[in-house]
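Encoded as structure tokens, the structure appears first; notes follow it.
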Amino acid sequence: MNQIDGRRINTMLSPSLQDYLEEMYRLSTKIDEIRVSDIAQILDVSLPSVVKALHKLSNRGYVVYQPYESIKLTEKGIYEGRFLVQRNQLLKDFLTVLNTSSDIDKEAESMEHYLSFSTIQAIEKFVHFMKENPDVQRRYDEFYKMQKEEYLFSDQPR
């Protein structure tokens, strides 16, 4: 476990459970009542898969779930969910700073579950540094455009 502001962040949830919690947090910021069907639709999974995940998250104290009732995030679920959403946005910002030509949403989703907490913190510092130093970002952008074809993976299909 890692801590932010003295609070524990559980980075030990499986990638799948992180995805469920992340989407439930996003939903909780937009609608008052979260339903199993809402989650299933967003994640493109079956209703039984959502229920199975909800039982696991409920047993771990992230949500309050009773069949046929709306789903409520606990304080722990809100805190962890917010972290997961912020981590996803940070990785999108990072990829934007790098000027990658990839699908940023998909790339961030692929990366987010496999980076250590300390790497996430280092990426956060790097992104903030680049945002606070637009001259460095500009120089990097120019370098990237000019040097793109001269590196190891330049011959690889994109």
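Keep in mind that this is a model prediction, so the values were computed, not measured. All values below were derived from every heavy atom in this structure, side-chain atoms included, with hydrogens, water molecules and symmetry-related copies excluded.
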side-chain hydrogen bond (donor to acceptor under 3.5 Å, both in side chains) between S118 and S116, worked out: CA-CA 5 Å; S118 64; S116 69; 3.2 Å; yes

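In this structure, V64 is not a member of the same hydrophobic cluster as V51, with clusters built from ILVMFWY side-chain heavy atoms closer than 4.5 Å.
Between the CD atom in Q66 and the OG atom in S58 there is a gap of 7.5 Å [rounded to 0.5 Å]. Between atom CE of residue M130 and atom OG1 of residue T96 there is a gap of 12.0 Å, rounded to the nearest 0.5 Å. Taking CD of Q121 as the reference point, atom CD1 of I123 lies at 11.0 Å (rounded to 0.5 Å). From S37, atom OG reaches atom CD1 of I42 across 9.5 Å, with rounding to the nearest 0.5 Å. Taken to the nearest 0.5 Å, the OG atom of S49 stands 10.5 Å off from the CG atom of D44. In this structure, CD on E80 lies 10.0 Å from CG on L57, to the nearest 0.5 angstrom.
The pair E23-R26 counts as a salt bridge, with a side-chain nitrogen and a carboxylate oxygen less than 4.0 angstrom apart.
By the neighbour-count criterion of 12 heavy atoms within 6.0 Å, atom CG of D135 is densely surrounded, having more than that number from other residues, nucleotides or ligands. Annotation: Q41, atom CD; neighbour count of heavy atoms from other residues, nucleotides and ligands within 6.0 Å does not exceed 12.
Classification of the H55-Y65 ring pair by plane angle, with boundaries at 30° and 60°, yields perpendicular.
N133 and Q137 form no side-chain donor-acceptor contact under 3.5 Å, judged by distance and modelled atom types alone.
Using a distance-only test at 3.5 Å, with no hydrogens or angles considered, a donor-acceptor pair links the side chain of S28 to the main chain of Y25. At distances below 3.5 Å, at least one donor-acceptor pair connects side-chain atoms of T74 with backbone N or O atoms of G61.
E107 pairs with exactly one of L95, L98, T100 by the side chain to side chain contact (heavy atoms under 4.5 Å, CB included) rule, that one being L95.
Contact record, M111 with L91: CE-CD2, 3.9 Å, taken as the closest heavy-atom pair.
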